[in-house]
There are 2 protein chains.
Amino acid sequence: MTQFGAFVQTARRSLQEGDRRYSLRQVAKRIGVEPGYLSKIERGQVAPPSEAATLRLAKELDEDPDVLLALGGKVSSDLQEVIRKRPRLFAQLIRELRDAPDHAVLRLVREVRDGDW
Amino acid sequence: MTQFGAFVQTARRSLQEGDRRYSLRQVAKRIGVEPGYLSKIERGQVAPPSEAATLRLAKELDEDPDVLLALGGKVSSDLQEVIRKRPRLFAQLIRELRDAPDHAVLRLVREVRDGDW
DNA sequence: GCGAGTGTGTAGTGTTTAGGAAACATGACG
DNA sequence: CGTCATGTTTCCTAAACACTACACACTCGC
């Protein structure tokens, strides 16, 4: 159930192959947690870390923050804020898109980016 | 800072005018919390309740669940799940829409509902 | 005047979150 | 051999979350 740990461990080890600065201990130090804690995270012995720690980890491992947060069972707080400001609107849109195929959602993204409003 | 309590209190009192079954005590009983707790919630003496309790309260007071959750600083967990399943896609879309006017978002909703994908 | 119902104040409880500290075991190197 | 550096294990905890329990004070309707 803890996709998160395995994903992080794989990503880190892959970086570690070419660069010994990506040992568990050094990564832990750079993102500001204890080595023991990161070890437990990687092996799913504890729940995924806080949003803040997850973001530091994503940056360190050069992974997509939203993906890593998702693996940790979280949604970025800035996205939540957007939704909370117009709850009815966004709730409706997101539920509407729950079963839409990727390409349909992507089309909307492009549509909005080409901002014709 | 606690919009939530005031909103709930106003809604409940408004219902109470025409129907004495909407006393704080009776509402508390129906949604399954202690009266003292609901009292503190209404006056913002404690943080807004859990998602589950908020949803029962919304139903009881016939208010929009997403709005009430938003006032409580939360986002419905089913919306979060939708986002977590395709984080990159939805993160992009939502950030893109952060500053879009309501009518633009609404147009998307309609577009999707008329499901042309 | 008293019982039923109302809202409130104080205190305390169990659980979850998000880690830290320190010791331990292993292996590589010089 | 000694000493790094690596990953791991055990134990502990401070703070936040989500409430409950219960006594108190007030106000009606009869």
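Every chain is numbered from 1, with letters handed out A, B, ... down the list of sequences.
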**Student:** My understanding is that only residues two or more places apart in sequence, or in another chain, count here; which of them pass salt bridge (charged side-chain N to carboxylate O under 4.0 Å, His left out) with B/R21?
**Tutor:**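 Result, salt bridge (charged side-chain N to carboxylate O under 4.0 Å, His left out) vs B/R21: B/D19.
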
**Student:** Report whether B/L69 and A/V82 are members of the same hydrophobic cluster (ILVMFWY, side-chain heavy atoms less than 4.5 Å apart, transitive linking).
**Tutor:**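 In one cluster: no.
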
**Student:** If you look at every strand shown and take non-hydrogen atoms under 4.0 Å, does A/K74 touch a base, only sugar-phosphate, or nothing?
**Tutor:** sugar-phosphate

**Student:** Sub-3.5 Å donor-acceptor pair from the side chain of A/R84 to the main-chain atoms of B/L71, do we have one?
**Tutor:** no

**Student:** Counting any heavy atom closer than 4.0 Å, what does B/E51 reach on the DNA or RNA strands: base, sugar-phosphate only, or nothing?
**Tutor:** nothing

**Student:** According to a 4.5 Å side-chain heavy-atom criterion applied to Ile, Leu, Val, Met, Phe, Trp and Tyr, with indirect links allowed, do A/L55 and A/I41 form part of one hydrophobic cluster?
**Tutor:** no

**Student:** State which residue, out of B/T54, B/V8, B/V33, B/I31, fulfils the side-chain contact (heavy atoms from CB on, under 4.5 Å) condition with B/P49.
**Tutor:** B/T54

**Student:** Hey, quick one: are B/L89 and A/L93 part of the same hydrophobic cluster, counting side-chain heavy atoms closer than 4.5 Å, chains of contacts allowed?
**Tutor:** yes

**Student:** If you compare all heavy atoms of A/F7 against all heavy atoms of A/E63, which two are closest, and at what distance to 0.1 Å?
**Tutor:** CZ-OE1, 3.5 Å

**Student:** Show the numbers, then the answer: is there a salt bridge (charged side-chain N to carboxylate O under 4.0 Å, His left out) between A/R30 and A/E60?
**Tutor:** CA-CA 8 Å; A/R30 283 197 296 277; A/E60 172 69 22; 2.7 Å; yes

**Student:** Of all nucleotides in DNA chain C that come within under 4.0 Å of a heavy atom of chain A, which is furthest toward the 5' end and which toward the 3' end?
**Tutor:** C/dA18 to C/dA21

**Student:** For B/L24 and A/P49, take the nucleotide of DNA chain C holding the closest heavy atom to each; which residue's nucleotide lies nearer the 5' end?
**Tutor:** B/L24

**Student:** Contacts to DNA chain D from residues 9-18 of chain B, heavy-atom cutoff under 4.0 Å, which residues?
**Tutor:**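 Contacts with DNA chain D under 4.0 Å: none.
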
**Student:** Map B/S50 and A/Y22 onto DNA chain D by nearest heavy atom, then report which one ends up closer to the 5' terminus.
**Tutor:**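 The residue closer to the strand's 5' end, by nearest nucleotide, is A/Y22.
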
**Student:** Output, in order, the C-alpha distance, side-chain angles, deciding distance and verdict of salt bridge (charged side-chain N to carboxylate O under 4.0 Å, His left out) for A/R13 and A/E17.
**Tutor:** CA-CA 6 Å; A/R13 282 186 174 158; A/E17 307 236 320; over 6 Å; no

**Student:** Please identify the 5'-most and 3'-most nucleotides of DNA chain D with any atom under 4.0 angstrom from a heavy atom of chain A.
**Tutor:** D/dT6 to D/dC11

**Student:** Might you point out which heavy atoms bring A/A100 and A/A104 nearest each other, and give the distance in Å?
**Tutor:** CB-CB, 4.3 Å

**Student:** When you measure from every atom of DNA chain D, which of residues 37-48 of chain A have a heavy atom less than 4.0 Å away?
**Tutor:**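 DNA chain D contact set from residues 37-48 of chain A: A/S39, A/K40, A/R43, A/Q45.
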
**Student:** Test of understanding: with side-chain contact (heavy atoms from CB on, under 4.5 Å), list the residues that count as partners of A/R95, not counting sequence neighbours.
**Tutor:** A/A91, B/D66, B/S76, B/D78, B/L79

**Student:** Within the distance-only criterion (no hydrogens, no angle test), does the side chain of B/Q80 pair as donor or acceptor with the backbone N or O of A/K74 below 3.5 angstrom?
**Tutor:** no

**Student:** Is a donor on one side and an acceptor on the other found under 3.5 Å between the side chain of B/S39 and the backbone of B/P35?
**Tutor:**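 Pair absent, no side-chain N/O of B/S39 close to backbone of B/P35.
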
